[in-house]
Amino acid sequence: MRTSCVVLTALVALAAYYVYIPLPGSLSDPWKLMLLDATFRGAQQVSNLVHYLGLTHHLLALNFIIGSFGKKSAWSSARMNVTDTDFDGVEVRVFEGPAKPQEPLKRGVVYIHGGGWALASARIRYYDELCTAMAEELNAVIVSIEYRLVPKVYFPEQVHDVVRATKYFMQPEVLQKYSVDPGRIGVSGDSAGGNLAAALGQQFSQDANLKNKLKVQALIYPVLQPLDFNTPSYQQNVNTPILPRYVMVKYWLDYFKGNYDFIQAMIVNNHTSLDVEEAAALRARLDWKSLLPESITKNYQPVVQATGNARIVQEIPQLLDARAAPLIADQEVLQNLPKTYILTCEHDVLRDDGIMYAKRLERAGVEVTLDHFEDGFHGCMIFTSWPTNFSVGIRTRNSYLRWLDQNL
C-alpha cells in the first residue's frame, strides 16, 4: 500500500509538472488553458514520435488526433440546412440559416478555418458550431471551405483553393440558388484562415472581372507576416499557449516546404538582416515602432541584424510574397479593400500582426474596427462549449458576430 501511494504521488507530481506553466494573471481561465495546452503538446509529441518511427508525416498524425476529438457530419435540422458539396472542385460545407419573411435574400459569409495551413477542418466540431451560430444569428449562408492542407499541398495551393471556391460562390446563378444578396457578402477566417482571407480580399480588390465585390472582411487573430519574429508580441509571448514562437516559425516553414535548419536563424531575424537586399524595400511596411502605439511597444527593441543568412530568402522566396504575407502589400492594394474587422488577443504572438495591419489599412483610407481582448489567447474564439469553454471565447465570438450583424 505504501509503495502504491508513493508511485501515485510521483505520477501526480509528474502530471502537475507537465501541465503547469507560469501564465500571466490576466489570462482567461488559466488552469483550463494549461490543461488544453498540455493536451495539445502531448498530441504534438505523439505525432513527432510517429514521424520519427517512419509511420507517417507528423502533421498528418497530428491532424488525425485533432479530428478524433470530434468531426461532425453534415446534419440538418428544421432551422438549419447543412450540406457538404464542392465549389469548382474545392470541398465546402454550406450552412443555410433560417429565412426571414422581411429579408427574402440572406447575407453570405465565406469562412476559412485556421490551423497553420496544415491542421483542422471545416468539419470538426469547433468550426461546425461556429458556422452554425453564424448562420442562425446572422440569417446568413455560410460557406466553410475545406481547403487542402500541408503536407499534401504547399503555398500557394491553399490560396488557390479559397479563391476558386469563393469566385464560384459569388457567381450570380450560385448566389441566386442560395438566395444570397450579392451586395452583402463577406470573407472571414481565423489564424491561418485569417491569412488566407486577407490574401483573398487583396486579390479580389484588384480583380476587375468580378461582378460582385466583398462588402466586409473579418480577420480573427490573423497571421500576416513571416519577416519579423521579434515584434513586441513575439517577444512578450515567446512561450505562451497555444502558439509559442518556435511553433509559429515551424508552421511557416511547413507552409513553404522549407528547411527546419532555418528555424533558429529565422527566430533571430537573420533572414531579414540589413544585408538581405530582397527584404530591404519591405522593412518600412513592418516598422512596428511607427505602426504600434507606445502602450504596445513599451521597452521592447527591434531585432535587426547587420549580417544574416541571405540563403534563406533565396531558397524560400515565398517569404516575400504578399499572398503569403498580406501585411507587406502595396498601399495601392490596401486602399481598395472593404470595411475591415480585426480581432486581436493580448496573449498571442500574432497580436501585433493584426494591429499593424489595422494601422496600415487606416493609413490607406479603409474603415477598420480593431477589437482587442486583454485576457485573450490565440485560438480562443472557437472554444465556447464544454469542456473547452472559455469566458473569453464566448465574449470574442459574441463581439465578432455583433460586428458582422451591424456591418454586413
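Basis for what follows: all heavy atoms, side chains included, without hydrogens, waters or symmetry-related copies.
- For the pair Glu278/Gln314, a side-chain contact is recorded, criterion being any heavy-atom separation below 4.5 Å from C-beta on.
- The closest side-chain donor-acceptor pair between Asn269 and Asp228 falls under 3.5 angstrom.
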Self-check item: Worked check of side chain to side chain contact (heavy atoms under 4.5 Å, CB included) between Ile382 and Tyr127
Solution: CA-CA 7 Å; Ile382 63 171; Tyr127 288 111; 3.7 Å; yes
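- Residue Trp117 forms a ring-ring contact (aromatic ring centres under 6.0 Å, His included) with just one option from Tyr147, Tyr255, Tyr251, Phe155, and that option is Tyr255.
- Distance alone, capped at 3.5 Å, is enough to place a donor-acceptor pair between the Asn195 side chain and the Ala324 backbone.
- Within the structure, the salt bridge (charged side-chain N to carboxylate O under 4.0 Å, His left out) test picks out the following pairs touching residues 372-386 (sequence neighbours left out): Asp375-Arg395.
- Side-chain contact, His378 with Thr240: no donor N or O sits under 3.5 Å from an acceptor N or O.
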Self-check item: Criterion side chain to side chain contact (heavy atoms under 4.5 Å, CB included) on Val162 and Gln158, from CA distance to verdict
Solution: CA-CA 6 Å; Val162 300; Gln158 288 84 350; 5.9 Å; no
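- The structure places CE of Met248 at 7.0 Å from CZ of Phe229, a figure rounded to the nearest 0.5 Å.
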Identify all side-chain donor-acceptor contacts of residues 179-189 below 3.5 Å with residues at least two apart in sequence or on another chain.
| from | atom 1 | to | atom 2 | distance (Å) |
| --- | --- | --- | --- | --- |
| Asp181 | OD1 | Gly183 | N | 2.9 |
| Arg184 | NE | Leu408 | O | 3.4 |
| Arg184 | NH2 | Leu408 | O | 2.9 |
| Ser188 | OG | Ala218 | O | 2.7 |
| Ser188 | OG | Tyr400 | OH | 2.7 |

Practice problem: Check step by step if side chain to side chain contact (heavy atoms under 4.5 Å, CB included) holds for Val92 and Thr85. | Solution: CA-CA 6 Å; Val92 298; Thr85 183; 3.6 Å; yes
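- Under the 6.0 Å distance and 45° angle rule, Lys32 counts as a cation-pi partner of Phe390.
- In this structure a side-chain-to-backbone donor-acceptor pair under 3.5 Å is present from Lys106 to Gly97.
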List, one per line, each side-chain donor-acceptor pair under 3.5 Å for residues 293-307, sequence neighbours excluded.
| from | atom 1 | to | atom 2 | distance (Å) |
| --- | --- | --- | --- | --- |
| Gln305 | NE2 | Val268 | O | 2.9 |

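- Between Arg397 and Glu129 there is no salt bridge, since no side-chain nitrogen of the basic residue lies less than 4.0 Å from a carboxylate oxygen of the acidic one.
- Partner of Phe87 under the side chain to side chain contact (heavy atoms under 4.5 Å, CB included) criterion, chosen from Val143, Ile145, Val110: Val143.
- Between Tyr126 and Phe383, the two ring planes are perpendicular [angle over 60°; tilted spans 30° to 60°].
- Within the 4.5 Å cutoff, the side chain of Cys345 has heavy atoms near those of the Cys380 side chain.
- Asn336 and Ser205 are not linked by any side-chain donor-acceptor pair at a separation below 3.5 angstrom, with hydrogens and angles left out of the test.
- Salt bridge annotation for Asp405-Arg402: absent, with no cationic side-chain nitrogen under 4.0 angstrom from a carboxylate oxygen.
- No salt bridge links Glu146 with Arg93; every basic N to acidic carboxylate O contact stays at or beyond 4.0 Å.
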Exercise. Show the numbers, then the answer: is there a salt bridge (Lys or Arg N to Asp or Glu O under 4.0 Å) between Lys71 and Asp128?
Key: CA-CA 9 Å; Lys71 277 198 173 183; Asp128 187 273; over 6 Å; no
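- Looking only at atom types and distance, the side chain of Tyr154 has no donor-acceptor partner in the side chain of Asp254 under 3.5 Å away.
- Under the 4.5 Å side-chain criterion, counting only non-hydrogen atoms from C-beta, Phe377 is in contact with Val392.
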